[in-house]
Amino acid sequence: MIILQALVFIVSAPFLSGLITKIKNNLRMRQGESILQPYYNLAKLSLKSEVLSETTSWIFKITPYILLASSLAGALLIPLFIYPAPLRGIGDFLALIFIFSLGRFFLSLAALDAGSSFGGMGSSREMFISSLVEPALCMVVFSIFLQFGSTDISVFCGAHQITAASLIGAVALFLICLAECARIPVDNQETHLELTMVQEAMILEYSGMRLAFIELAAYIKQMVFFFLIAQLIFPISLPAKGNFIGLLFWGLWYSGRIFIVALITALVEVSLAKMRLFRVVDYLGFAFLLGIIAVICAVIGV
Amino acid sequence: MFNLSANFIFDPLSIFFIFVILIVSSAAALYSHGYLKNAYTFPRKVFAWVLLLIFVCSMLLVVTGSNLLVFIIAWELMSLVSYFFVVFDFQYNRSIQAGMIYIVITHIGTAFLLAAFLMIYQAAHSFDFIALKDACHLLPMQTRNTIFLLLLIGFGTKAGIVPMHIWLPYAHPQAPSHISSIMSGVMIKTAIYGMIRFIFFILGITSPWWGILVLILAIISCLVGVIYALMEHDIKKLLAYHSVENIGIILLGVGLGMFFVSMNLPYLAVFALVAGLYHLINHAIFKGLLFLCAGSVCKATGTRNMEKMGGLIKRMPHTAVYFLIGAMAISALPPLNGFVSEWLTLQAFFLGALNTLGGTKVFLGICAAMLALTGGLAAACFVKAFGIIFLAQPRSQYAESAREVSWSMKAGMFILAALVIIFGLAAGSIVKLLIKVSAATLGVDGSALNLSAYNLTLNLQALMPGPVGKDSYLSLPYLAALLVILGAIFFVIYRLAKRKSLTYKTWDCGYYKVGSRNEYTATAFSKPFRIAFSFFLFPYHKTQKVRESFYHVKAFSYETHTTPVFKKYVYYPLLAWILKFARLLRRIQPGSIHLYLAYIFAVIILLIMFINKF
């Protein structure tokens with residue numbers, strides 16, 4: 001089951017990115033690339049030879065493995081289709097945050113390793129954004145904790161009532177997700193302009209299979225966030241047993257809600273421009289404030 | 001008259017601190033063999049060893065003394081010996097200056113402690129801790145509040161909580177590195193020992209505001225410490241500021257414990273204190289490790305300035321690995337020890353919020369969020385530290401010529417690095433032990449709090465009687481195994497694919513020769529933080545262009561520094577005020593012997609009147 005969940009993540013995570021790109025392009029009245037483009041990219045990268053910078057050290061070489069391992073380990077902590085999560089005993093929501101920061105820590109180091117200013121720029125900005133994300137994320141986890149009495153992800157994923165606290169928490173989590181997954185208005189995945197890029201600047205020196213690993217790790221992390229947001233906004237219970245049609249509809253709705261989050265992301269990306277780096281402070285401050293409001297709602301009990 | 005058991009105490013709390021002291025000191029002592037070599041003359045080496053022994057013994061005395069006299073004498077001895085270490089490199093002016101700041105401030109702290117001790121003694125008429133404990137419980141509220149505040153300031157000065165942290169970033173970096181590691185790793189922890197011993201054990205906690213005050217001070221220490229650390233480019237000063245931050249995190253656990261005691265939640269208090277003690281020993285280990293690594297780097301390069309380093313991972317591979325382990329631990333990354341204690345502290349906040357009402361919940365939540373922010377900033381700071389010191393190309397010939405350090409230094413670092421990993425993976429068993437320590441200190445029966453050895457399942461039924469939530473899980477060995485297995489799988493996939501790999505220059509945008517001058521610097525790395533926290537740091541920029549003509553800029557100089565807020569707005573005015581007062585006093589001392597005789601006469605008259613009155 002663990003392996004199955006890992007495979008589902010690896011297989012379906014790139015699809016979400018392809019979907020977002022497709023929706024964005026269609027909204028801009030463009031044909032756009034195929035939804036499956038992320039898969040083509042991964043395959044292409046895996047087949048190519050790679051170029052390593054001569055200034056780099058072993059940090060640069062091991063980072064992709066650590067990054068992908070941490071993303072996938074985080075993904076295995078959530079109950080995607082098995083309840084409770086297969087590896088529930090390993091860690092809770094807080095552990096998930098820290099596991100993701102393990103990958104980020106190494107990616108930021110690797111960015112400094114090649115010795116180009118691009119990497120340093122990306123690394124510095126990434127750590128800046130992520131350190132501001134932490135308190136907001138902590139507030140969201142806290143509001144969830146107050147409602148369900150546990151930081152265990154499986155506990156809150158097993159609940160099926162919508163509360164004001166979880167809705168506001170979901171909005172805060174969505175803002176955080178945009179920042180964590182390098183999306184507009186915090187970062188822009190589409191450009192390679194040094195003034196705007198964060199994530200892209202960090203991975204500039206990577207190529208070949210290692211780059212494929214890093215991209216896959218980013219897709220998986222994004223899917224984890226989308227799942228958690230979807231779970232907060234549309235909590236649903238387990239399917240009734242036996243009924244095949246019911247099971248089918250349940251499955252459709254279960255995965256459909258993740259696509260809804262992807263759709264919202266695409267809409268936000270199309271309708272907003274990228275912010276200046278120092279406006280991100282206000283942006284994440286707002287997410288933090290939403291987190292506090294969610295906590296207050298949870299305290300009041302709505 | 002003098003008997004061992006009457007003057008010494010070996011309860012679980014003392015034994016825990018003895019363990020912490022000895023673990024870091026023995027690694028540092030091993031390290032110092034290589035560190036002192038070729039750096040000092042023989043007599044000074046001997047002097048360093050003797051001082052080290054006295055220093056460690058004095059710290060052991062502090063944590064084992066069971067009466068006020070032993071405690072205060074050992075405390076003074078510890079401060080004085082560490083002063084000699086701060087001025088050990090007395091040929092530098094800055095050592096003398098740092099020593100001066102250290103000894104003055106540490107004695108101000110001791111003065112507050114003495115005042116508190118005198119007040120306690122007045123009530124008990126005994127120096128013995130047990131007698132003091134009984135006497136303190138009969139004291140009126142007002143007196144206990146005063147004693148608490150005096151103790152908090154006194155111990156807080158030694159611990160380096162903001163705003164009494166001012167000496168720490170001067171004194172710690174100035175000592176030889178193995179002593180910096182003991183000072184930062186262990187010495188400031190004796191102040192935490194003092195707080196636990198005197199406030200929890202002897203004084204007894206009465207009002208919730210004690211805990212809340214400690215929490216607020218702790219949060220401020222965390223944030224101020226880490227923000228200053230981010231701005232710092234002197235590697236040892238950076239680590240010293242991180243000590244301020246980590247003392248804050250430890251105090252979060254301790255303060256939370258105080259708060260829960262006053263709210264009558266004994267099990268949660270035990271749990272919070274466990275979190276604090278766990279972070280205490282973790283910080284002792286990884287900060288000890290980081291200071292030893294910093295010492296190696298400084299010895300190899302001959303500078304403490306990070307901007308002159310770079311590329312050391314290839315020249316000093318062992319030190320780099322050890323520093324990386326320490327950096328990961330202090331950034332609270334799984335599966336190392338810093339992560340465990342940070343997780344426990346966050347859980348303590350969360351569980352506390354479940355058991356309190358209304359506004360307190362929000363307050364505890366915001367404290368937890370600030371702790372998370374601190375963690376994020378610390379991670380950023382250590383990406384900067386490791387990245388700038390060890391990665392990319394050397395930024396100066398100092399770094400270019402650096403060589404790996406000797407075996408004894410490597411051994412010292414290895415011991416602590418191994419402990420960092422062990423204290424992460426064996427978290428379950430260690431928490432069990434710490435529960436015993438903390439339960440014994442608080443006088444609670446800790447056996448109800450059973451945790452399994454392999455994971456840290458928080459058994460809420462046992463932890464609290466009130467509204468029960470559901471268990472949370474964390475299992476470090478499994479988490480580590482999961483990460484390693486997944487990493488290994490991808491490594492194997494990469495290896496099996498056997499793609500061609502070329503080595504080439506870093507992408508230089510088509511220009512030639514990307515050199516070390518093009519690399520990102522520590523100053524540049526911390527720029528976003530400098531701007532975002534400008535409301536507190538008040539950064540100052542100056543750019544200057546040297547022109548040959550209007551069109552041709554020959555040279556460009558850029559200068560930036562931040563305003564040391566506490567020094568400028570608290571300490572300088574205070575110092576100015578003291579000096580002004582001293583000048584006033586000088587007026588009654590004009591040097592005339594007649595006047596002095598008159599003073600003596602007046603004092604005698606006054607004394608006679610005073611005696612007559614009784």
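All values below were derived from every heavy atom in this structure, side-chain atoms included, with hydrogens, water molecules and symmetry-related copies excluded.
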Hey, does [Y] have a side-chain heavy atom less than 4.5 Å from the side chain of [X]?
{"X": "B/Glu342", "Y": "A/Phe98", "answer": "yes"}
{"X": "A/Ile66", "Y": "B/Phe490", "answer": "no"}
{"X": "B/Leu373", "Y": "A/Glu134", "answer": "no"}

Contact class of [X] relative to chain A, heavy atoms under 4.5 angstrom:
{"X": "B/Phe529", "result": "both"}
{"X": "B/Ala524", "result": "backbone"}
{"X": "B/Ile489", "result": "neither"}
{"X": "B/Leu479", "result": "both"}
{"X": "B/Lys505", "result": "both"}

Contact class of A/Ile153 relative to chain B, heavy atoms under 4.5 angstrom: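 A/Ile153 has no heavy atom closer than 4.5 Å to chain B.
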So which part of A/Ser116 gets closer than 4.5 Å to some heavy atom of chain B, the side chain, the backbone, both or neither?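 Its backbone and side chain both get close to chain B.
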With distance as the sole criterion, is a donor-acceptor pair present between the side chains of A/Thr151 and B/Gln347 under 3.5 Å?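 On atom types as modelled, these side chains qualify, holding a pair under 3.5 Å.
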CG/B/Leu324 to CZ/A/Phe105 distance, rounded to the nearest 0.5 angstrom?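 Those atoms lie 6.0 Å apart.
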Roughly how far apart are A/Leu94 CG and B/Leu474 CG, rounded to 0.5 Å?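 Output value for this atom pair is 9.0 Å.
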Counting only heavy atoms not in [X] (residues, nucleotides, ligands), do more than 12 fall under 6.0 Å from its [atom1]?
{"X": "A/Leu7", "atom1": "CG", "answer": "yes"}
{"X": "B/Lys361", "atom1": "NZ", "answer": "yes"}
{"X": "B/Lys314", "atom1": "NZ", "answer": "yes"}

Tabulate, in ascending numerical order, the residues of residues 384-394 of chain B having at least one heavy atom closer than 4.5 Å to a heavy atom of chain A, or enter 'none'.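 The stretch touches chain A at B/Phe386, B/Gly387, B/Leu391, B/Ala392, B/Gln393.
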Assess the pair A/Tyr65 and B/Phe491: is the distance between their ring centroids shorter than 6.0 Å?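 Yes; B/Phe491 has its ring centre under 6.0 Å from that of A/Tyr65.
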